[in-house]
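Before any comments, here is the structure.
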Amino acid sequence: MEPVRPEFVPDPDASRAEMEALQREVAAAAVWEDDFDFAAERVSARGDSTLAEAADDSTERPLVAGVDQAFLEDRAVSVVVVRRGDEVVERAHAVTDLEIPYIPGLLSFREGGPILAAFAELDADPDLVVFDGSGRIHFRQAGLATHLGATLDVPSVGVAKGLLCGAPDDDLDERPEGWRTPIRADDSVENAADGTVIGHALQSRQYDTRPVVNPIYVSPGHRVAVGTAADLVERLCDGYKLPEPTRLADAYADDVKAEYA
DNA sequence: GCGACAG
DNA sequence: ATCTTGTCGC
């Protein structure tokens with residue numbers, strides 16, 4: 001899979017001002033409305049149970065990809081795992097030199113190139129890509145999921161374990177499983193009107209007692225509406241805090257890393 | 001100047 | 001992200 005918008009490919013050698021300018025362009029080109037050709041109800045972490053549904057598995061179920069990375073000193077191990085239902089249909093990876101350090105707000109310039117290298121090794125073209133990081137929940141609404149989703153022109157969502165910016169409508173403490181609250185743009189988001197819903201905090205997993213689980217932060221990447229992004233990710237969380245595609249990508253990244261260590 | 005900050 | 005032992009529970 002190659003970039004459909006080469007001009008959006010993040011350049012680690014760009015100046016900070018150029019990076020931010022590109023992010024504004026990406027945000028302006030990003031689509032935050034549903035624009036995908038699969039049924040959201042057909043997205044799930046598990047496979048179909050009935051024979052009738054299993055029969056049309058290959059034609060009806062969308063290809064959902066999970067993307068994650070692991071690191072070796074100054075190299076990144078980037079992986080893409082593609083599934084149809086609960087079946088892994090393809091895995092791709094790339095080991096790339098890292099050019100710049102992690103800077104909040106500029107993550108895609110550090111990890112974007114490496115991730116695109118992994119996509120270049122991928123034959124399948126996914127119906128939906130789940131990235132580990134923010135999408136619209138970003139200072140310029142151009143987080144990793146939005147930047148790479150727009151570059152590849154593929155429907156995408158971002159799932160982050162921490163909140164980069166914006167403010168939740170309600171307190172996030174000890175909420176029940178399935179609970180969600182909007183994340184709205186505040187002064188830190190320069191290109192969105194104050195109060196614009198840019199994502200959701202989603203309590204994807206919670207225990208009845210002891211361990212208090214933190215929520216995940218879901219936001220649209222590209223071609224997915226803010227509410228739909230949360231719906232899709234919720235369907236992909238099979239009793240775990242993180243969606244199954246990213247859990248699989250996580251595990252595969254560790255495997256590949258072990259081979260290069 | 002102070003605080004906040006995905007992976 | 002990564003560095004790390006043990007520990008509680010199904």
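We use all heavy atoms of the structure for the numbers below, so side chains are in, but hydrogens, waters and symmetry mates are not. Not measured: the values here are computed from a predicted model. Residue numbers begin at 1 in each chain, while the letters A, B, ... track the order of the sequences.
Distances shorter than 4.0 Å separate none of the side-chain N or O atoms of A:Lys161 from OP1 or OP2 on B:dA6. Close to B:dA6, at under 4.0 Å from its OP1 or OP2, lies a side-chain N or O of A:Tyr102.
Within 4.0 Å of A:Ile137, counting heavy atoms only, lies no atom of the nucleic acid at all. At a threshold of 4.0 angstrom between heavy atoms, the contacts of A:Gly162 are confined to the sugar-phosphate backbone, with no base atom among them. Contacts of A:Gly158 with the nucleic acid, taken as non-hydrogen atoms under 4.0 Å apart, are absent.
Salt bridge present: A:Arg180 and A:Asp231 bring a charged side-chain N and a carboxylate O closer than 4.0 Å.
In the set B:dA6, B:dG7, C:dA1, the nucleotide with an atom closest to the side chain of A:Phe71 is C:dA1. In this structure, of B:dG7, C:dT2, B:dC5, it is C:dT2 that holds the atom nearest to the side chain of A:Lys257. Nearest to the side-chain atoms of A:Leu144 among the listed nucleotides B:dA6, B:dG7, B:dC5 stands B:dA6.
For A:Asp250 and B:dG7, the CG to P distance is 11 Å, given to the nearest whole Å. Atom CG in A:Asp68 sits roughly 10 Å away from atom P in B:dG7 (whole-Å rounding). Put simply, CD on A:Glu73 is 13 Å from C1' on C:dC3, counting in whole angstrom units. Protein atom CG of A:Leu72 is 15 Å distant from nucleotide atom P of C:dA1, rounded to whole Å. Atoms OH (A:Tyr240) and C1' (C:dC10) sit 11 Å apart, rounded to a whole Å. Rounded to an integer number of Å, the gap from A:Asp186 CG to B:dG3 P is 18 Å. One interatomic measurement links the two molecules: CZ of A:Arg140 to P of B:dA6, which rounds to 14 Å at whole-angstrom precision. Residue A:Asp187 contributes atom CG, which lies 16 Å from atom C1' of B:dC5 at whole-angstrom precision.
The local environment of CD in A:Glu174 is sparse, with at most 12 non-hydrogen atoms from other residues, nucleotides or ligands closer than 6.0 Å.
At a cut-off of 3.5 Å, with distance as the only test, a side-chain donor of A:Arg140 or A:Gln23 sits close to an acceptor on the other residue.
Of the residues A:Glu244, A:Arg61, A:Arg91, the one that meets the side-chain contact (heavy atoms from CB on, under 4.5 Å) test with A:Arg83 is A:Glu244. If you run side-chain contact (heavy atoms from CB on, under 4.5 Å) between A:Trp32 and each of A:Thr228, A:Thr146, A:Thr196, A:Ile198, only A:Thr146 comes through.
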